[in-house]
Structure formats: C-alpha cells, structure tokens
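Heads up, the thing below is written out as structure tokens.
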Amino acid sequence: MTSPRVRFAPSPTGSLHVGGARTALYNWLFARRHSGIFVLRIEDTDVERSRRELTDQILDAMTWLGLTWDEGPYFQSERSAIYAAAAGRLLAEGRAYRAFETADELEAARKAAEAAGKVYRYGGSGRSLPREESDRRAAAGEKFVIRLRMPDEPIVVQDAVQGRAEFLPDALDDFILVRSDGNPVYHFTVCVDDVEMGITHVIRGVDHLPNTPKHVALFRALGAEPPVFAHLGMILGPDGKKLSKRHGAAGAEEFRAAGYLPEALVNFLALLGWSPGEDRERMSLQEMISLFSLERIGPSPSRFDHEKLTWLNGQFLQAVAPGRLLTLLEPFGLPARDRETLERAVALHLSRCRTLRELAQALRIYGDDPTEFEAAGMKKFGKPELMTSLRALASRLAAVEPFAHAKMEDVARALAAETGVSLGSLAQPARLALTGSLASPPLFEMIEVLGKETTLRRILAFADRIEGRAGAS
RNA sequence: GCCCCCAUCGUCUAGUGGCCCAGGACGCGACCCUUUCAAGGUCGAGAUCGCGGGUUCGAAUCCCGCUGGGGGUACCA
C-alpha cells in the first residue's frame with residue numbers, strides 16, 4: 001500500500017465520546033501501520049450546533065489519548081469557497097441541478113406521501129428544468145437548493161469490514177448538496193473534502209453505511225474514484241442500547257476524570273471490534289500499530305463492558321513508573337506529606353486500586369485522621385473488651401525503635417502469644433482505628449509509613465471513643 | 001412503512017469446511033498464598049455456535065428463510 005491518507009472528522013456538537021474515540025483510534029492505527037497520513041477535520045457546517053469550546057475539548061481528548069494528527073485541524077466552516085466552487089462545477093457539468101421548491105412544500109409532500117402510505121421521494125421539477133429557465137430564476141433572486149442528479153443504476157458499496165451492500169436506485173433520492181441559504185450540507189462537504197484532501201480510506205461508524213451510496217455517487221460526480229470504505233459496528237451500552245450518559249461515563253474526558261489511564265482506554269477501545277489474534281489482550285500503542293489491520297475488524301456491534309475496562313486500567317496502573325504515578329495522582333488530590341512518604345504509601349496501595357481516583361482516595365488515610373468507621377467493622381471489633389489489648393499494642397509499638405515493620409510484627413506476635421489472643425483480634429481493631437476500614441495493606445507496613453505519632457494518636461483516640469461510648473450507654 | 005447492516009459463553013472475542021462435543025480475556029465460583037483487603041497462582045462452572053431449512057462424505061464456518069438487535073430514511077452531522 002502506498003502511503004494511505006485517512007481522516008477523523010468529528011463534528012463539534014458534543015465532546016469526544018467513546019465511539020468517536022475508537023473511530024479516531026482505528027484511523028490513527030491504520031495510518032501509523034502503513035506510514036500514512038492522519039488528517040483531522042472539524043465538521044462544523046452546522047453553525048447552530050457547533051461550538052468552539054467543544055472543538056478544543058475534542059482536540060484535548062485526542063491529545064490525551066495520544067492520537068496525534070499529521071494534518072489539520074481543518075475547519076469546514078473556513079472552507080466555504082471550496083464547496084461553492086465544487087457546487088458551481090457540478091452545476092455547470094449538469095451533474096447537479098437547482099431545485100426551487102421551498103422547505104415547506106417538500107415537508108407537505110412528504111407528509112402527503114406518508115399519509116397515503118407511500119414511500120416519499122423527491123418528485124420536484126428541478127431535475128428536468130431547462131438550464132435557461134433555471135439560470136433565469138436564480139438570477140431573478142429566487143431561492144433554490146442544489147441537488148445531485150443520482151445515477152439511475154444500482155450502487156454497490158464494497159466495504160472492507162461490512163462486505164458488499166447493494167443499493168437500488170429507487171432507494172436513492174436526488175439529495176440536497178447546498179441549502180437555500182447557500183450553506184453546503186454534510187454529505188457534500190465530506191466528499192468534497194475527502195477528494196480534495198486525497199483521502200484513500202474512510203474508516204467510520206456503520207451509522208454512515210446507508211449514506212455511503214450517496215457518497216459514492218458524489219465522488220463519481222466529482223470525477224474521483226471513491227475511497228476504500230470500512231464501517232465499524234456501533235458501540236452499545238451494557239444493555240445493548242445506544243451508548244449514552246445514561247450508562248455512566250461515555251466521553252473520553254469523563255474517563256480521564258474518573259481516573260482512567262489513556263493507554264488503558266485505548267487498549268480497551270482497540271479490542272472493541274478488532275482483534276489482533278493469538279489471544280493478545282494487553283498491548284502498547286506500538287504493538288497495536290504493528291498488529292493492526294482492517295481485515296481483522298469484525299462487523300458486529302459490541303457492548304461497552306465497564307468492568308473489563310476497569311480491569312485493564314488496573315493492569316496498566318500497576319505498570320506505571322512510580323515516579324510518574326504521583327504526578328498523575330496530583331489532580332485527584334494528595335495528602336500533605338513529603339514525597340518519599342507518598343511514594344511508599346503508593347507502593348502499598350497500588351495493587352489494591354484499579355483507577356487513579358481510587359488510589360488517591362486510598363491515600364487519604366495518610367492525611368486526616370479517620371472520622372468515620374465502617375459499620376460492619378465496628379460491630380465486630382469496636383468492642384470495649386478488645387481495647388485493653390489494643391492499648392497494650394499501642395504501648396509496645398511506642399517502644400519500637402527504629403520504627404520498622406518487621407520489628408513491630410515481632411512485638412505484636414509476642415504480645416498475642418503472651419495474652420493468648422489471635423493476631424487477627426489485635427490487627428483488625430488496629431486497622432479500624434487507623435483507617436476506619438477493615439481493608440488495608442499489611443498492617444505494620446502501613447503503620448511504618450503512617451509514622452509512630454499518627455499511629456499512636458489514632459489508636460488511643462479510637463480506644464477512648466469505644467470505651468467512652470460503652471460507658472455512656 | 002421502506003432501505004441497509006449485524007447475530008459464537010452474561011460481556012469482548014478466536015475460529016474463514018474436517019485440528020472445535022468450540023480456544024482466550026473480563027466477570028463469577030473454589031482453592032493456594034495471607035493479620036484484613038487486594039494483587040498473584042491453580043482449578044472450575046459457563047456457548048446444543050439465535051431458530052428452521054438446505055449444500056456437502058463432513059458446517060460455527062457456504063446458501064435461503066425466519067426471528068431478534070442495530071442503523072438509515074432531513075434544507076442534522
């Protein structure tokens with residue numbers, strides 16, 4: 001393959017959702033795999049709905065994901081002259097024509113057809129209007145749209161993913177290229193741009209498949225060979241319905257905010273519809289590039305499995321260099337401790353967390369003393385009769401110097417043996433006192449990082465609290 | 001309504017006529033490790049390959065129909 005050119009063409013009417021992110025990824029992967037060019041084009045011809053800040057947000061998300069573009073971003077809103085010229089050419093060549101029906105007239109005709117139970121098709125007079133009359137009416141200032149003269153033969157779309165689809169001429173209308181206000185319509189700008197930008201492969205969602213025959217006809221009218229099409233199956237929510245905010249996070253930015261790593265999201269998205277074979281699951285971008293091919297993309301829709309993403313994220317999280325981890329954690333808030341303490345704490349909690357957010361949350365115990373204690377734990381270990389040995393543990397811990405976990409454990413085991421209690425009935429109340437929870441890293445390693453002062457303070461406060469409560473009731 | 005697409009464990013998928021009474025991963029269960037929770041390791045349950053017809057010596061793999069799901073049908077993208 002000689003240097004393909006692909007593009008990602010989002011319209012800034014929303015943020016980058018996972019479907020779009022996956023489309024961008026596949027285009028990017030394809031370009032990188034074949035040393036091609038990845039073009040970014042912003043389809044903002046719908047002035048009403050397009051917003052500049054959404055464009056910025058999309059670019060941010062792509063940068064975050066590592067999907068860097070080689071050309072662009074081009075803005076369709078800045079390319080009106082190109083579309084106007086193309087429309088003029090088509091008109092002059094008779095491949096397109098003016099139609100003078102108003103939107104209201106068309107609406108009425110559509111309604112009438114529906115009421116009669118018939119399939120609506122554009123049946124206006126524009127198609128057969130003599131050139132001179134068309135020119136005259138346009139010159140007189142009459143409003144018109146420009147429509148494409150569709151060929152009267154079937155159009156076959158040979159799709160790299162979906163296979164062959166044939167569309168009969170009856171199903172294809174002379175669709176509008178340019179609105180009566182002079183603004184070009186999506187189908188038109190896409191094709192003009194794809195031709196103009198030399199796009200060789202169009203990789204996009206299947207929702208565009210039914211539009212593809214229009215595009216094929218348009219490419220031909222424009223005098224260009226249609227590109228190779230590859231239509232990707234939809235990404236559905238866990239319930240099989242269209243993925244939306246209703247299913248939780250659906251935008252790349254939301255996953256970022258929820259503490260997901262870009263490499264995990266990208267890996268997960270890559271596997272949604274594409275498989276490298278050989279049971280490969282975890283891959284770096286580089287590996288994906290070398291393995292990627294259109295042939296291995298499946299045609300069926302897939303559901304977004306949040307659980308698997310989270311698992312993958314956990315996998316990637318474990319692999320992040322410890323130094324980089326604190327930087328990544330910063331936006332999620334870190335307790336006011338020195339860097340070394342934080343790094344030791346991270347090392348202790350990393351394997352217990354699957355997202356940055358979870359990790360940051362876990363690290364909070366190195367900041368403020370716990371004020372809430374989990375109910376199940378209190379019921380089991382918040383008993384006054386356990387406080388005696390807990391206090392004993394505290395006083396033995398106070399004597400440990402240097403404050404190292406191996407020594408603490410020896411001391412604790414000795415205490416347990418002497419008093420005939422299990423290590424667990426010593427450790428669990430301590431864990432509760434120190435973290436408010438029954439789940440934590442190995443107790444003494446955590447205590448070492450927490451520090452002697454904090455440890456003793458929390459244990460004593462907890463014992464006071466339990467005994468005080470018992471005395472009051 | 002009409003047009004188009006899709007259909008393998010709950011989910012993502014491998015599989016392109018015999019290697020498959022279907023492999024991997026997530027999730028789930030059990031066990032090991034263990035002061036708790038994870039991580040990790042081992043094992044396991046889980047799919048008559050949506051249904052019904054063909055074609056073939058032989059079909060998850062090819063063909064047809066049905067059913068189910070999705071998408072499109074705009075002077076939206």
Side-chain angles (χ1 to χ4, degrees), chain A residues 9-14 43-46 48-50 76 99 101-103 106-107 110 113-114 117-121 143-147 157 159 161-163 165-168 170-173 175-181 183-187 189-190 205-213 231 233-234 236 238 240-242 268 271-282 296 298-312 314 318 349-354 362 377 381 409 412-413 416 422-428 430-432 435 437-444:
Chain A
S11 70
T13 53
E43 313 221 313
D44 54 354
T45 49
D46 184 346
E48 305 276 301
R49 296 201 294 152
S50 297
Q76 292 193 324
E101 291 82 6
T102 65
L106 294 173
E107 181 67 21
R110 187 177 302 113
E114 263 169 38
K118 289 199 212 147
V119 177
Y120 171 76
R121 294 204 61 217
K143 289 278 187 203
F144 62 86
V145 298
I146 299 176
R147 287 178 182 267
V157 175
D159 192 276
V161 170
Q162 302 291 335
E166 186 171 333
F167 298 83
L168 276 351
D170 302 350
L172 273 9
D173 232 354
F175 64 101
I176 292 174
L177 264 24
V178 181
R179 300 182 179 93
S180 53
D181 63 4
N183 285 129
V185 129
Y186 164 78
H187 299 300
T189 58
V190 168
V206 256
D207 45 332
H208 289 290
L209 186 55
N211 288 327
T212 306
H231 286 97
M234 291 270 110
L236 276 15
K241 301 291 180 199
K242 196 171 176 175
F268 175 74
L271 259 16
L272 232 45
W274 171 72
S275 164
E278 295 168 10
D279 298 333
R280 294 292 296 273
E281 293 274 342
R282 274 189 61 187
R296 295 199 62 89
S300 41
S302 41
R303 299 182 193 210
F304 194 93
D305 183 3
H306 216 115
E307 285 293 332
K308 185 158 184 175
L309 201 215
T310 304
W311 168 79
L312 246 186
Q318 311 305 311
H349 290 268
L350 188 57
S351 71
R352 270 157 267 266
C353 299
R354 298 191 297 176
F381 299 104
E409 184 163 345
R413 284 191 190 279
S422 69
L423 190 57
S425 61
L426 220 46
Q428 289 303 75
R431 216 183 297 277
L432 197 54
T435 69
S437 153
L438 247 30
S440 89
L443 183 63
F444 303 107

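Protein chains get the first letters and strands the later ones, always in sequence-line order, with residue 1 at the start of each. What you see below is based on every heavy atom in this structure, not just the backbone, and it leaves out hydrogens, waters and symmetry mates.
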Nearest to the side chain of [X], heavy atoms from C-beta on, is which of [options]?
| X | options | answer |
| --- | --- | --- |
| A/Arg179 | B/rC75, B/rC6, B/rC26 | B/rC75 |
| A/Asp305 | B/rC6, B/rU11, B/rG27 | B/rU11 |
| A/Asp207 | B/rA39, B/rG72, B/rC12 | B/rG72 |
| A/Ala165 | B/rC75, B/rC12, B/rC5 | B/rC5 |
| A/Arg296 | B/rG15, B/rG23, B/rU13 | B/rG15 |
| A/Pro210 | B/rA77, B/rU36, B/rG72 | B/rG72 |
| A/Arg352 | B/rU13, B/rU11, B/rA38 | B/rA38 |
| A/Pro442 | B/rU36, B/rC37, B/rG27 | B/rU36 |
| A/Ala439 | B/rG24, B/rC37, B/rC5 | B/rC37 |
| A/Tyr186 | B/rC4, B/rA38, B/rA77 | B/rA77 |

So, is [X] close to the [N] phosphate, meaning a side-chain N or O under 4.0 Å from OP1 or OP2?
| X | N | value |
| --- | --- | --- |
| A/Arg280 | B/rC12 | no |
| A/Thr310 | B/rC26 | no |
| A/Ser437 | B/rC37 | no |
| A/Arg282 | B/rC12 | no |
| A/Arg413 | B/rU35 | yes |

Assign [X] to base, sugar-phosphate, or nothing according to its heavy-atom contacts below 4.0 angstrom with the strands shown.
| X | value |
| --- | --- |
| A/Asn211 | base |
| A/Glu107 | nothing |
| A/Glu43 | sugar-phosphate |
| A/Pro441 | base |
| A/Arg303 | sugar-phosphate |
| A/Ser422 | nothing |
| A/Phe175 | nothing |
| A/Gly273 | sugar-phosphate |
| A/Leu209 | sugar-phosphate |
| A/Ser302 | sugar-phosphate |
| A/Glu101 | base |
| A/Leu443 | base |
| A/Leu106 | base |
| A/His187 | base |

So which atom in [X] and which in [Y] form the shortest heavy-atom distance, rounded to 0.1 Å?
| X | Y | result |
| --- | --- | --- |
| A/Phe167 | A/Leu209 | CZ-O, 3.9 Å |
| A/Asp44 | A/Gln76 | OD1-N, 3.2 Å |
| A/Asn183 | A/Asp181 | N-OD1, 2.9 Å |
| A/Tyr120 | A/Arg110 | CD1-CA, 3.5 Å |
| A/Arg179 | A/Val145 | C-CG1, 4.0 Å |
| A/His231 | A/Gln162 | O-NE2, 3.0 Å |

Taking N and O atoms by type only, does the side chain of [X] place a donor or acceptor under 3.5 Å from a partner on the base of [N]?
| X | N | value |
| --- | --- | --- |
| A/Ser351 | B/rA38 | yes |
| A/Glu278 | B/rG24 | no |
| A/Ser180 | B/rC75 | yes |

Any strand counts, and the cut-off is 3.5 Å on both contacts for Watson-Crick or G-U wobble. Which nucleotide pairs with [N]?
| N | result |
| --- | --- |
| B/rA38 | none |
| B/rG1 | B/rU73 |
| B/rG10 | B/rC26 |
| B/rA60 | none |
| B/rC49 | none |

Would you measure the distance from the [atom1] atom in [N] across to the matching atom in [M] and give it in whole Å?
| N | M | atom1 | answer |
| --- | --- | --- | --- |
| B/rA74 | B/rC2 | C1' | 16 Å |
| B/rA30 | B/rG69 | P | 36 Å |
| B/rC4 | B/rA38 | C1' | 48 Å |
| B/rC62 | B/rA77 | P | 38 Å |
| B/rC31 | B/rC19 | C1' | 33 Å |
| B/rU61 | B/rG15 | C1' | 8 Å |
| B/rA7 | B/rA47 | C1' | 13 Å |
| B/rA59 | B/rA25 | C1' | 26 Å |

Spacing between [X] atom [atom1] and [N] atom [atom2], to the nearest angstrom:
| X | N | atom1 | atom2 | answer |
| --- | --- | --- | --- | --- |
| A/Lys308 | B/rG27 | NZ | C1' | 10 Å |
| A/Arg354 | B/rA38 | CZ | P | 10 Å |
| A/His306 | B/rA25 | NE2 | P | 22 Å |

Report yes or no: is the ring centroid of A/His208 under 5.5 Å from the six-membered base ring centroid of B/rA77, with the two planes under 30 degrees? yes
Evaluate A/Val190 against A/Glu43 for side chain to side chain contact (heavy atoms under 4.5 Å, CB included), listing each step before the verdict. CA-CA 8 Å; A/Val190 168; A/Glu43 313 221 313; 3.5 Å; yes
Check whether any side-chain heavy atom of A/Pro238 sits under 4.5 Å from a side-chain heavy atom of A/His306, and report yes or no. no
Applying side chain to side chain contact (heavy atoms under 4.5 Å, CB included), run through A/Leu438 and A/Leu432 and close with a yes or a no. CA-CA 6 Å; A/Leu438 247 30; A/Leu432 197 54; 3.9 Å; yes
Hey, which of these two, A/Val206 or A/Trp274, hits RNA chain B nearer its 5' end, going by closest nucleotide? A/Trp274
Would you mind telling me which residue lines up with the more 5' stretch of RNA chain B, A/Pro184 or A/Gly424, judged by nearest nucleotide? A/Gly424
A/Glu281 and A/Lys308 ion-paired at < 4.0 Å: yes
